[in-house]
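Whatever order the structure lists them in is the order used to number ligands and atoms, beginning at 1.
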Amino acid sequence: MARKKIALIGAGQIGGTLALLAGQKELGDVVLFDIPAAEGTAKGKALDIAQLSPVEGFDTKYSGSSDYKDIEGADVVIVTAGVPRKPGMTRDDLVGINAKVIDSVGKGIKQHAPNAFVIVITNPLDAMVGLMQEVTGFAPEKVVGMAGVLDSARFRLFLAEEFNVSVEDVTAFVLGGHGDTMVPLLRYSTVGGISLHDLVDMGWTTKERLEAIVQRTRDGGAEIVAHLKTGSAFYAPAASAIAMAESFLKDKKRVIPCAAKLNGEYGVKGLYIGVPVVIGSKGVERIVEVEFNADEKAMFDKSVAAVQSLIDATNKIVGR
Ligand code: LMR
């Protein structure tokens, strides 16, 4: 079987972590790409991780580059290019800089990796993944945004800590945009298959504590930015994108929340937003439409409106 190729656009903190995880999971050979000014970082990190591979015991070829030709034939492209936020900023404040970056990166991917499954991590996520799909012109099922996996992982962790149980036994979904209006769905979250509603009745927690966990999930990225001060989270975002890449490369058909382009599902057309999807070898193979109650629908609609205004801002910046 031919070895797969994974191109990582952006050799910053997330890019380096992605490169390491892709190797440890033997997903394919890795090209770490960055702009010419950061080519040394891309090459240095690639070489450093390659030298770790004998210790860890995996066979992955690594290279660093600032030439788009080197992403030729990539099966998966993961985009982290752009700048992270600093304390006091929202993700939306990044739109001015990052829209231009995605516009340029999208053109490089379109020309050099036309068959790739593209996963966007750059913020503000929902608008940036939409821009990527428009610039590349790739089929919507081949361009997705990484957010729901990350937000849901945070939600699962906080719930597991609340109940003092394994994270493995907690399922949870966070839908909507990857911003302050995201929609953590308590009703679809379970602990060992038991609903949170039942756990409140059983006295394991209270509605107030669950609401606090919902808010902490919404603020999950900002909490880390406040600690790091110079940038944003990178381990969990990288692991989340790798889970998506792995589902695609191995045709695992995992059901995971991602920013996907809706075509009438949830009453929304032509916009990327976080919903549960099935990821397999064709990319996004199915969009799962869960039923909302009135409160959930109102939260989701608010999130759609927030994403739409970011898309409008993005279009002005790149003149679309
Ligand atoms: C995150 O949620 O960690 C990322 O979107 C980065 C950020 O700015 O919060």
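Near N123, the atoms of ligand 1 lying under 4.0 angstrom from a non-hydrogen atom of the residue are 4 (C), 5 (O), 6 (C), 7 (C), 8 (O). If you number the atoms of ligand 1 from 1 as listed, the ones under 4.0 Å from a heavy atom of A233 come out as 3 (O). Under a 4.0 Å criterion applied to the non-hydrogen atoms of G221, ligand 1 contributes the atoms 1 (C), 2 (O), 3 (O), 9 (O). Shown in contact with S232 at under 4.0 Å from a heavy atom are these atoms of ligand 1, numbered in order with element: 6 (C), 7 (C), 8 (O). For ligand 1 and H178, the ligand atoms under 4.0 Å from any heavy atom of the residue are 1 (C), 2 (O), 4 (C), 5 (O).
Side chains of T190 and T171: a donor on one and an acceptor on the other come within 3.5 Å. Side chains of H178 and R91: a donor-acceptor N/O pair is present below 3.5 angstrom, by distance only.
Side-chain contact check for D75 versus L249: some heavy-atom pair is nearer than 4.5 Å. Side chains of V144 and V277 form no contact here, defined as non-hydrogen atoms less than 4.5 Å apart.
At least one heavy atom of L150 sits closer than 4.0 Å to an atom of ligand 1.
Among protein heavy atoms, the minimum distance from atom 3 (O) of ligand 1 is reached at R154 NH2, 2.7 Å. Protein heavy atom at the shortest distance from atom 7 (C) of ligand 1 is R85 NE, 3.3 Å.
Crowding of K4 atom NZ: a count of heavy atoms from other residues, nucleotides or ligands under 6.0 Å not exceeding 12.
Checked by distance only, ligand 1 and D151 stay at 3.5 Å or farther apart across all their nitrogen or oxygen atoms.
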Begin from the C-alpha positions of Y266 and F292 and carry the test ring pair (Phe, Tyr, Trp, His ring centres under 6.0 Å) through to its verdict. CA-CA 9 Å; Y266 294 91; F292 289 148; 5.3 Å; yes

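Salt-bridge check for E141 with K282: failed, with every basic side-chain N at 4.0 Å or more from each acidic carboxylate O.
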